[in-house]
Each structure stands twice: as C-alpha cells, then as structure tokens.
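Order of the sequence lines fixes the chain letters, A, B, ..., with proteins taken first and strands second; residue numbering starts at 1 for each chain.
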Amino acid sequence: MTSPVWDYAPAPESSDVVSLRDTYGLYIGGRFVEPASGSYFKTINPATEEVLAAVPEASTEDVDAGVVAAQEGLERWTSAGAPARGKYLFRIARIMQERSRELAVLETMNGGKPIRESRDVDIPLAAAHFFYYAGWADKLEYAFAARRVEPVGVCAQIIPWNFPLLMLAWKIAPALAAGNTVVLKPAETTPLTALLFAEICEQAALPAGVVNIVTGGPETGTALVAHPRVDKVAFTGSTEVGKGIQRALAGTGTRLTLELGGKAANIVFEDASLDQAIEGVVNGIFFNQGHVCCAGSRLLVQEPVAERLLSKLKRRLETLRLGDPLDKNTDIGAINSRAQLERIQNLVGIGVEEGAELYQVDCELPARGFWFPPTVFTGVSQSHRIAREEIFGPVLSVMSFRTESEAVARANNTPYGLSAGVWTEKGSRILWMADRLRAGVVWANTFNRFDPASPFGGYKESGFGREGGRHGLEPYVRLS
Amino acid sequence: MDTRLEVNKTYKLYVGGRFSRSESGRSYAVSGPTGGFLANAARASRKDLRDAVVAARKVAGSWAGLSAYNRGQVLYRVAEMMEARRDELIDEVSAAEGGEGASQQVEEAVDCWVYYAGWTDKISQVTGALNPVAGPYFNLTAPEPIGIIGIVAPETGSLLGLVERLAPALCGGNAVVLACSQAHPHPAIALAECLHTSDVPAGVVNLLTGFKDELVPVLASHGDVDALDVSGVAPDTAADVEAAAASNVKRIVRPGPRLGPYEVTAFMEMKTVWHPKGA
C-alpha cells in the first residue's frame with residue numbers, strides 16, 4: 001500500500017444548524033401527538049452511538065389514528081383542487097431548498113452517510129422530486145390519454161434507512177400530486193428527517209391529514225400495511241419483507257408497489273475508458289457505504305483488461321477516506337446500524353469460507369460507531385453467496401467474462417433485476433446490451449444516476465412499479 | 001400643507017436586461033380607459049428591434065442549454081416575484097384597462113407562470129417518443145427550442161394576454177423579442193420589472209413598446225428571428241405579416257387553447273436521433 005503524501009485536515013460541517021428535540025411525537029392530522037402506546041425508542045447517530053432523540057413507537061391504535069386522519073384529509077385535499085395541490089407541493093420544494101443545510105446535517109447525523117452525499121445528492125434530489133411532481137398535479141390528463149384520472153385514496157408508505165428523505169420524497173410527492181393522502185412510516189433507525197419534513201408541511205400550511213408520519217419498527221409497519229382502510233401500499237426495502245407484504249395483501253385488492261433488493265452487475269468491456277469506469281465502479285458500490293438497492297455490487301470485467309482494471313481499482317480504493325460523516329472530505333461514512341454491520345460481517349465471513357479472495361483497504365476504523373472498510377472479493381464464482389445475495393454494504397464481488405453474450409448471461413443470472421451498468425465506448429453495444437439486460441434501469445458509462453424525471457424500479461424479485469417520471473404517477477391514480 | 005405630489009414612473013423599453021429609452025428618443029402618449037392621458041411610453045424604432053434580436057441571440061444558446069429543471073425554477077421564480085408585486089400589477093392593469101377583472105387578470109397571469117414552470121421537464125415526456133422502427137436502431141424523437149421567437153402581443157389583456165404567449169415560449173427554452181400591446185403597453189413594462197428581479201437571464205426576454213405597424217413588419221422579416229407568434233397582429237395586416245415571415249421560413253404560431261403543452265411545442269422543433277444497436 002502506498003501511504004498518502006499528506007493528510008487532510010479535519011473539515012467538519014457544523015451541526016448547530018440542527019436543533020433537536022429530546023422527544024418527538026407522531027405527526028397525525030396536522031399535529032404532533034403523543035403516541036397512544038406511550039412507548040418510545042431512542043434513535044442514535046451510528047457514527048458515534050450517541051442518542052439523538054426519543055421517537056414514538058406507534059401501536060396499532062396510533063396507526064389507525066394516522067389512517068383515519070389521512071382519510072379525513074382526502075376530502076380537504078380533493079376540494080383544494082389540482083392547481084392548488086400543485087402550489088402546495090411547489091411550496092414544500094422551496095422550503096426544502098431553503099432548509100437544505102439543516103436537512104443534510106440531520107440526515108448525516110441520523111443515518112451515518114457522508115455530508116457530501118446528503119448535501120449534494122439526497123437533499124437536492126428530494127427537493128427536485130417535489131418540484132417535478134408539483135408540476136404534474138394539474139396536468140394528469142396529459143399523462144393518461146383518454147382516461148378519467150382519480151386518486152387511489154389513502155396510501156400507506158414504508159421507506160428504508162438508506163436515503164431517508166429522498167425515499168420520503170419519492171413516495172409522498174407523486175402520491176400527493178395525484179390527489180392522494182399518505183401515512184408514511186420512516187425506517188426505525190432514521191426517523192428524524194421525516195419528522196423535520198412534517199414541520200416543513202406545517203410551514204407550507206399543507207391541509208391537515210394530507211401527510212401523516214408514524215414512526216416505529218416492523219410491528220408498526222405490519223399494522224399499517226394490514227389496515228383495512230388503506231387503499232394502496234408502497235414499500236421500499238428488502239425482498240424478504242416485500243414478499244411478506246405481497247402475501248399479507250393477497251386477495252384484499254389493495255394496490256401495491258414494491259421497490260426491493262438488487263445485485264446489479266457493472267459490466268466493463270475492454271474498450272471502455274478504464275479510469276472513467278473505475279470512478280463508476282467505485283461510485284457504484286461505495287456510494288452511501290453500499291447501502292443502495294441498485295448498487296453495482298458485482299463487477300463483470302472483460303478478460304483482457306481484468307488485471308489492469310483490478311490493480312487500478314485497488315489503487316483508487318486506497319485514496320477513499322473513511323471516517324466522520326460530518327467531515328466534508330469523507331467518502332465512506334458509518335454503517336447505518338449494528339444489525340446491518342453484523343449482516344455485512346457475516347456475509348463477508350461466508351465469502352472467505354467459500355474460497356473467494358478477500359481484499360480490504362487497510363484503513364483505521366473509528367473506535368466508536370459502526371464501520372466497515374471498503375472490501376473487494378476476487379476469484380468469485382456464480383455459486384458463491386456473495387455473488388448471489390444482496391450484502392447492502394461496501395463489498396464488491398469481481399468476476400470476468402469473454403463475450404457480450406456471456407456478460408448478459410452472467411448479469412441476468414440473479415433473481416434480482418433492479419439495475420445494470422455498461423462501460424464501453426461503442427454506442428451500438430450499449431444499446432444491444434440494454435435490450436438484453438433484465439433490469440429496470442441500465443446506466444451506460446455512468447452509474448447511480450437519479451433524476452425526478454427518470455423512472456426507477458425493478459424487474460423480477462427487485463419489485464414492481466416505477467418511481468419517478470411520468471410513469472411514477474401510475475401507481476397513484478385510478479383510471480376509468 | 002398641500003397633499004404630496006406623486007413621482008411618476010418613466011416607462012422604458014426592456015432590452016438585453018436593461019431598461020432603456022428608444023434610441024430614437026421618441027415616445028407616444030397612452031390613454032387610460034376613460035380616454036384621458038395616462039402616461040407616455042417609449043416608441044421603439046426598427047433599430048431598437050434589431051438590437052433586441054441581437055441581445056436575444058447572444059443569450060439564446062445558454063438559456064436553451066439550461067436543464068429543464070433549472071428552467072422550471074426560473075419560471076417559478078417569476079411567479080414568486082409577480083405575486084410579491086401583485087398590488088402594483090393590479091394598479092397598472094386597472095390604470096390601463098379599467099379596474100374590472102384587473103385582479104383576476106393578475107392572479108391568472110401569476111398562475112400561468114406556475115403552470116408552465118411545471119411543463120419544462122415534462123414536455124418531452126408527453127410529446128416525445130421512442131419510435132419502433134423496423135431495424136436494429138434506437139430511434140428517439142424529442143422537442144428542442146426553436147431559438148428566437150418574435151411575439152406580437154394581443155392588444156387587450158395587457159398583462160395576461162401577453163403572459164399566456166410569453167410563458168410557453170420561455171418554457172420551451174426560447175429567447176423572445178416581444179412587441180407589446182400598443183394601446184396598453186405599461187403593464188408589460190411592470191412585468192419586465194418582475195422579470196428583471198427574478199432569475200431570467202438578461203436578454204432572454206426583450207419587451208418593446210411602440211407602434212405595431214412600424215415594428216411588426218421588421219420583426220416578421222428579420223432573418224435571425226425563427227418563429228413569429230401572431231396573436232396580436234391586426235387581421236387586415238395578417239397576410240402581409242405572414243408573407244414577410246416566409247423570407248426565412250419562420251414558423252407562424254397562432255394561439256390555441258389558453259393553457260397546455262401544445263402551446264409550448266408550437267415554439268419547439270422535434271428532433272429525431274437514430275443510433276444502431278449491435279454487439
């Protein structure tokens with residue numbers, strides 16, 4: 001390993017822009033209320049294990065209150081009219097932009113992701129998502145030709161911990177634009193930006209009951225999904241939990257969209273610009289500590305350049321800076337929770353046992369908090385669990401291929417189908433590959449790009465339904 | 001004590017992001033709804049119009065190159081600025097055309113900007129297409145800005161009539177040279193002050209007040225104007241104006257329904273891209 005010539009001085013982002021309460025309430029019917037359950041859980045900073053606040057554990061009764069409030073909100077939201085619904089969403093987008101630094105710092109404190117990512121990716125994209133769907137509110141007739149467009153009703157939305165505010169935006173913005181009301185449950189480990197978002201709804205004077213936020217763990221989620229007065233469920237999270245929700249809703253007629261796991265292949269051809277590809281591969285798997293459902297967790301590289309790519313990749317990994325997520329120079333932040341860290345450690349252990357060759361960057365891990373160094377497995381075969389299972393951490397499995405057809409076969413050899421990456425200078429090959437890759441998103445000579453105008457979602461066991469773009473409206477409308 | 005004597009506003013042209021008098025030094029008297037003197041307005045010359053086209057061309061490329069999302073935010077910012085000057089705009093419209101319907105005209109004009117702010121990043125999704133051609137080709141059609149649009153604003157609806165033509169042209173990523181209502185030019189200049197304090201780059205909107213029979217023929221025949229909106233062209237001159245526009249095959253744009261995506265694509269070109277597919 002080459003040691004760096006010089007170190008970066010600390011450049012911490014100040015956290016005093018965030019004012020935390022000791023205890024939060026549930027946001028139901030336009031007010032913060034104490035939970036009927038009377039029980040709370042502590043939410044922490046995964047980089048320091050320091051307690052940030054106490055947050056309600058919503059019971060079945062609390063969830064019911066949320067759904068009833070959303071149902072009452074429906075009337076207010078409908079009578080506001082489409083242009084006004086759009087204007088409320090524009091207001092929300094603008095306030096999110098105004099309060100972007102506060103949201104970014106809080107996102108990083110509660111989730112462990114580098115401030116550079118929450119500041120430059122999560123928060124701007126979340127605001128842009130509201131801005132985009134604001135414009136759709138009074139234009140729905142153009143999205144669905146020759147159909148009468150109506151809202152579905154009350155939407156139950158459950159989001160993960162990897163992009164808390166961004167996933168909230170992906171869920172709430174299209175739902176509201178189409179005239180629905182929502183009950184949203186943020187992830188157990190990252191509830192705080194959702195509760196700050198509730199304050200933003202208040203500042204925007206959003207009618208009561210249109211957005212309701214209930215915090216809690218899996219039981220809260222189960223109660224929400226099973227509620228008989230919910231018209232539509234949208235879930236982003238693991239494939240295992242997604243399948244459970246699909247089973248639970250079987251026969252109820254409740255509409256469902258699922259955005260689940262992935263095991264994306266990043267496919268590098270010999271003619272690719274290797275330096276550019278390295279940046280894409282690194283971004284593909286180490287962005288957000290690999291806590292990304294569409295992460296490029298499998299690297300498929302064409303044999304003639306495999307060795308060269310790998311040595312370049314290792315050299316690049318040594319320059320990644322792991323540490324304080326609030327430091328503006330940090331590339332790799334904290335793992336989101338102890339449970340997730342243990343899952344990553346477990347799967348990496350299995351990878352070693354099964355005979356893959358482990359490479360880890362020799363970096364110092366902070367004493368407190370949850371951390372995992374950037375990790376690359378070579379000598380991986382298709383039968384290895386690290387090649388098949390979603391690790392959801394900074395762990396890359398490298399395999400090689402000879403021909404385009406072999407690359408397609410390997411890339412598609414997974415139950416997942418969320419995304420794929422293709423690296424080649426040949427445009428016709430990109431499009432040939434894109435036709436054959438069984439994935440909802442194909443990135444060419446880039447990776448992990450997101451835009452409110454661009455639909456996102458999976459094939460196969462990565463779920464169904466699309467979020468973003470015109471297609472992202474479909475799950476939230478009833479056509480007749 | 002006498003009552004305080006008001007300070008009256010000098011109404012100027014808005015060209016290249018500057019408020020300037022006509023280079024000709026001319027103005028004309030404008031009457032209010034009851035026929036009495038309201039205020040003078042600058043009477044733009046042919047030279048002013050040509051300068052406006054130069055200013056528009058200078059910025060057309062960078063404006064067209066903004067992301068659709070950015071352009072949406074700029075249009076939304078215009079609505080924010082107009083809302084903040086709502087009372088002033090109502091006063092201007094009332095003074096020009098009478099108080100009746102003035103506030104409604106202003107409110108609808110503000111909402112018109114919000115409406116088109118929402119179209120910037122959707123217009124290609126609704127009007128573009130992936131074309132299933134019979135061969136191994138990727139084939140995509142999407143709208144692009146035309147370039148510089150000349151707009152002849154309607155004579156009545158001094159604010160709303162103008163905004164309903166201007167906003168979709170900007171939504172489509174074009175720069176605009178606009179001949180204002182000759183009878184009621186002042187609300188347009190008040191609008192220019194809103195544009196000036198919003199994030200619309202200088203030169204993207206150029207507003208000329210003056211005599212239409214002097215300005216419109218130059219606008220119609222100008223070689224660097226790509227399309228002409230004839231909303232405010234008097235019917236008896238339409239044939240001559242449209243014939244002049246044929247000199248460089250200007251697209252003639254006539255107003256359709258008040259609001260909608262096809263008001264935007266009227267100010268856009270469709271581009272089709274072919275690309276082979278193959279390993």
For a quick test of your reading: what N or O donor-acceptor pairs under 3.5 Å do the side chains of residues 157-164 of chain B make, sequence neighbours left out?
from	atom 1	to	atom 2	distance (Å)
S158(B)	OG	E97(B)	OE1	2.6
E164(B)	OE2	R258(B)	NE	2.5
E164(B)	OE2	R258(B)	NH2	2.7

With a strict 4.5 Å heavy-atom criterion, list every residue of residues 134-146 of chain A that contacts chain B, or say none. G135(A), W136(A), D138(A), K139(A), Y142(A)
Interface residues of residues 434-449 of chain A facing chain B - heavy atom cut-off under 4.5 Å: D435(A)
Chain B contact residues among residues 86-104 of chain A, heavy-atom distance under 4.5 Å: K87(A), F90(A), R91(A), R94(A), Q97(A)
Most contact-rich option vs chain A, by heavy-atom pairs under 4.5 angstrom, among G72(B), A68(B), P276(B), is P276(B)
Is it true that a side-chain atom of K277(B) and a backbone atom of R429(A) form a donor plus acceptor pair closer than 3.5 Å? no
Return the minimal non-hydrogen interatomic distance between D121(B) and A453(A), and the atom names on each side. O-CB, 4.4 Å
Mark yes when over 12 heavy atoms from residues, nucleotides or ligands other than K58(B) sit less than 6.0 Å from its NZ; otherwise mark no. no
With respect to chain A, which residue among H275(B), K122(B), E80(B) yields the maximal number of heavy-atom pairs within a distance under 4.5 Å? K122(B)
Report which part of Q73(B) has an atom under 4.5 Å of a heavy atom belonging to chain A: side chain, backbone, both, or neither. both
Does Y132(A) have its ring centroid less than 6.0 Å away from the ring centroid of Y69(B)? no
Is the CD atom of Q104(B) crowded by more than 12 outside heavy atoms at less than 6.0 Å? no
Which bit of Y137(B) comes within less than 4.5 Å of chain A, counting heavy atoms only: side chain, backbone, both or neither? neither
